[in-house]
Every structure is written in C-alpha cells, then in structure tokens.
**Q** 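Dumping the structure here so I can ask a few things about it.
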Amino acid sequence: MNILPREFYLRTDVVLIARDLLGKFLVTTFKGKLTSGLITETEAYAGVTDRASHSFGGRRTARNDIMYRTGGTAYIYLCYGVHSLFNVVTNQAGIPHAVLIRGIRPVDGIQLMMERSGTPGLPAERLDGPGRVTKALGIHYSRTGTDLTRMSSGRDRPAIWLEDRGIHIPLNDILISERIGVQYAGRDAMLPYRFRIK
DNA sequence: CGTTGGATCTTCT
DNA sequence: GAAGATCCAACGC
C-alpha cells in the first residue's frame, strides 16, 4: 500500500495538487469493509484570496477551522443539510487551501458502494457528484479532521486515506473548466480550477 | 431533454 | 432567518 505522504499535500500550489489527485485512489474502511475509487474529478479552493472558498478573507469558524490545519487532513462538511462533501486540506498549517473530490470510478467494494448509494445491481462506471461519492464510500461529516497520511497497520489504520497505485493521468486526458455551483463567487467563479478525466 | 423545486439542517448574520 | 462547494424526481415541451 502506498499512502500519499504528507509532502504531497504540503506543496504550495493547490491547483496543481487538484490536478495531481486525478488517478489517485480514495479509500475507506468502516467496520472492516474496504471501499475505494479512482478519483476522476476534483476542484481546487484557494483559501483567503478565493471568493468561492469557505476561508475567503481569512474567515475562520467552527465549521471551517479544519481548513487551517496541516495538509493531508480531511475537511468534511454538511452541504444543504443533506450531503457530506469531502475535501483534502493542502499547504502548511495556517494556510486554508483545500481540494474537493467530486467524482470517482468505483474499484474496491463496488457492491457495497452501490448498496450505500441506494442503487444496487448495475456496477457504476462513474460515480459523479461530491455528495454521491461520500455516500458510496460511507464518509460522514463527523469524520472531519481525520489525518489522511498516517501510515499504520492493523486496527490503527486510518479509516480514510488516499493512495497512489502508480496510475498517471496525462495532461491530454484532463478537462479543465470552471467550478460548479459557485456563482456567488463573482469573478472567481470563472477560475479554471475544476479537473476531470475525459 | 431542459428546468424547477423540495428535502433537510448546520452555520453564520 | 437566510443561504448553502447538492441531488433527484417531477414536470413541461
């Protein structure tokens, strides 16, 4: 197993990290059941200078406090009272950058993920939508603050982590566009911070 | 096929 | 008290 190391997240360019996360694996084990997916879609949120970010202007509240932790921490919050959205915090502590995971291709535990999604039967080739991703992987917003980099074994293994399985997505296979659902961010809504595998 | 609105609840104003 | 980094079913065309 090759868990993404702290250094991966500590880099200063959150947009580059969002791109690099394509092709990596988001893995969870809850109650001994392992589920995972290859990350197919991400969005970068560039902290205090980004109007679309929860931490724009240095805003710091009980909800987004996790964003100010060190890179490699999970920032998970409740959206519209319904969906848990999963982000990875990047950069060093005090700099509230994050990458939202918006889509995966289910790999391990496909059947369980389909059951969690409420659509058993057909194996999904793509699982798109940040709320659906967390639902399928069993990620709840109460898990916010989880350290995603701790490399340990057995029962102490973190319940959520990111893994490199040696897959590299060439730039030619990546679609870059504007972020979704951030119209309120004005000019920043048009930044090319969304990355998708074609 | 595009558009609309309800669900649901925490967070911040 | 309003709005939100969403989703899906129900509608109208």
Side-chain angles (χ1 to χ4, degrees), chain A residues 9 13-22 24 26 28 35 37 39-69 71-91 95-106 113-122 124-146 148 160 162 174-197:
Chain A
Y9 303 101
D13 188 347
V14 64
V15 179
L16 178 65
I17 294 173
R19 200 191 74 193
D20 282 352
L21 281 171
L22 295 178
K24 303 297 189 290
L26 177 54
T28 64
T35 49
I39 296 170
T40 56
E41 181 177 345
T42 62
E43 281 179 358
Y45 285 84
V48 300
T49 62
D50 181 358
R51 295 195 101 83
S53 172
H54 289 167
S55 53
F56 173 69
R59 195 156 53 107
R60 187 165 187 168
T61 65
R63 175 177 70 157
N64 76 355
D65 191 62
I66 297 295
M67 295 186 82
Y68 290 81
R69 291 212 197 157
T73 303
Y75 171 48
I76 313 166
Y77 69 94
L78 183 64
C79 186
Y80 293 105
V82 181
H83 305 287
S84 289
L85 300 204
F86 177 84
N87 304 251
V88 297
V89 174
T90 72
N91 217 311
I95 301 181
H97 289 180
V99 176
L100 172 66
I101 306 300
R102 294 188 55 91
I104 62 171
R105 174 155 58 232
M113 283 193 277
M114 292 303 101
E115 287 168 10
R116 285 172 176 157
S117 303
T119 54
L122 302 176
E125 201 157 279
R126 289 185 80 125
L127 196 51
D128 297 321
R132 298 179 69 207
V133 168
T134 54
K135 193 174 179 190
L137 289 169
I139 297 172
H140 186 261
Y141 67 91
S142 60
R143 295 276 177 180
T144 192
T146 297
L148 301 169
I160 312 171
L162 281 90
I174 298 176
L175 288 172
I176 305 176
S177 60
E178 307 165 358
R179 291 171 294 185
I180 298 294
V182 295
Q183 313 85 304
Y184 62 86
R187 170 172 50 84
D188 289 345
M190 299 188 292
L191 291 169
Y193 283 2
R194 182 186 184 205
F195 299 90
R196 275 177 291 168
I197 298 178

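Numbered from 1 within each chain, the chains take letters A, B, ... in sequence-line order.
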**Q** Please check if the side chain of A:T40 supplies one atom and the backbone of A:G103 the other of a donor-acceptor pair under 3.5 Å.
**A**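 Such a contact is found between A:T40 side chain and A:G103 backbone.
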**Q** Side-chain N or O of A:Y77 versus OP1/OP2 of C:dG4: is the shortest distance under 4.0 Å?
**A**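 No, no such contact exists.
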**Q** Would you please confirm or rule out a distance under 4.0 Å between OP1 or OP2 of C:dC8 and any side-chain N or O of A:R132?
**A** yes
**Q** Grab the CG-C1' distance between A:L78 and B:dA7 for me, whole Å please.
**A** 12 Å
**Q** Rounded to the nearest angstrom, tell me the gap between atom CG in A:L191 and atom C1' in C:dA5.
**A**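 Going from A:L191 (CG) to C:dA5 (C1'), I get 14 Å.
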**Q** Once you round it to whole Å, what is the distance between C1' of B:dG6 and NE2 of A:H83?
**A**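 One finds 12 Å between C1' of B:dG6 and NE2 of A:H83, rounded.
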**Q** Calculate, to the nearest 0.5 Å, the distance between atoms CZ and CD belonging to A:F195 and A:E43 respectively.
**A**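 Result: 10.0 Å between the selected atoms.
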**Q** Find the partner of B:dT8: check Watson-Crick (N1-N3 plus N6-O4 or O6-N4) and G-U wobble (N1-O2, O6-N3) distances, both under 3.5 Å, and reply none if neither fits.
**A** none
**Q** Looking for any heavy atom pair under 4.0 Å, which part of the strands does A:A185 touch: base, sugar-phosphate only, or nothing?
**A** nothing
**Q** Evaluate whether atom CZ of A:R143 has more than 12 neighbouring non-hydrogen atoms of other residues, nucleotides or ligands under 6.0 angstrom away.
**A**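 No, the 6.0 Å shell around CZ holds no more than 12 heavy atoms from other groups.
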**Q** What's A:V82 touching, base or sugar-phosphate or nothing? Going by heavy atoms closer than 4.0 Å.
**A** base
**Q** Check this one for me: any side-chain N or O of A:R102 less than 4.0 Å away from OP1 or OP2 of C:dT6?
**A**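 The answer is yes; a side-chain N or O of A:R102 sits under 4.0 Å from OP1 or OP2.
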**Q** Atom CD1 of A:I139 and atom C1' of C:dA5: how far apart are they, to the nearest Å?
**A** 16 Å
**Q** Is it true that A:D65 and A:R60 make a salt bridge, defined as a side-chain N closer than 4.0 Å to a carboxylate O?
**A**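 Yes.
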**Q** Distance check needed: B:dT8 C1' versus A:K135 NZ, whole Å only.
**A**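 Rounded to whole Å, this separation is 13 Å.
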**Q** Nearest heavy atom decides the nucleotide; on that basis, is A:G81 or A:R59 closer to the 5' end of DNA chain B?
**A**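 Going by which nucleotide is closer to the 5' end, it is A:G81.
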**Q** Is the ring of A:Y80 stacked on the base of B:dA7, with centres less than 5.5 Å apart and planes under 30° off?
**A** no
**Q** Do other residues, nucleotides or ligands put more than 12 heavy atoms under 6.0 Å from A:K24 NZ?
**A** yes
**Q** Just how far, in rounded Å, is P of C:dA5 from CD of A:Q183?
**A**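 From A:Q183 CD to C:dA5 P: 9 Å.
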**Q** Without decimals, in angstroms, what is the distance between A:Y141 OH and B:dC9 P?
**A**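 Atom OH in A:Y141 sits about 8 Å away from atom P in B:dC9.
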**Q** Identify the nucleotide, in any strand shown, that forms a Watson-Crick or G-U wobble pair with C:dA5, with both distances under 3.5 Å; if there is none, say none.
**A** none
**Q** How many whole angstroms separate atom CZ of A:F86 from atom C1' of C:dC7?
**A** 20 Å
**Q** Which part of the nucleic acid, if any, lies within contact of A:L100, taking any heavy atom under 4.0 Å across all strands shown: a base, the sugar-phosphate backbone alone, or nothing?
**A** base
**Q** Select base, sugar-phosphate, or nothing to describe what A:Y45 touches, counting heavy atoms under 4.0 Å on all strands.
**A** base
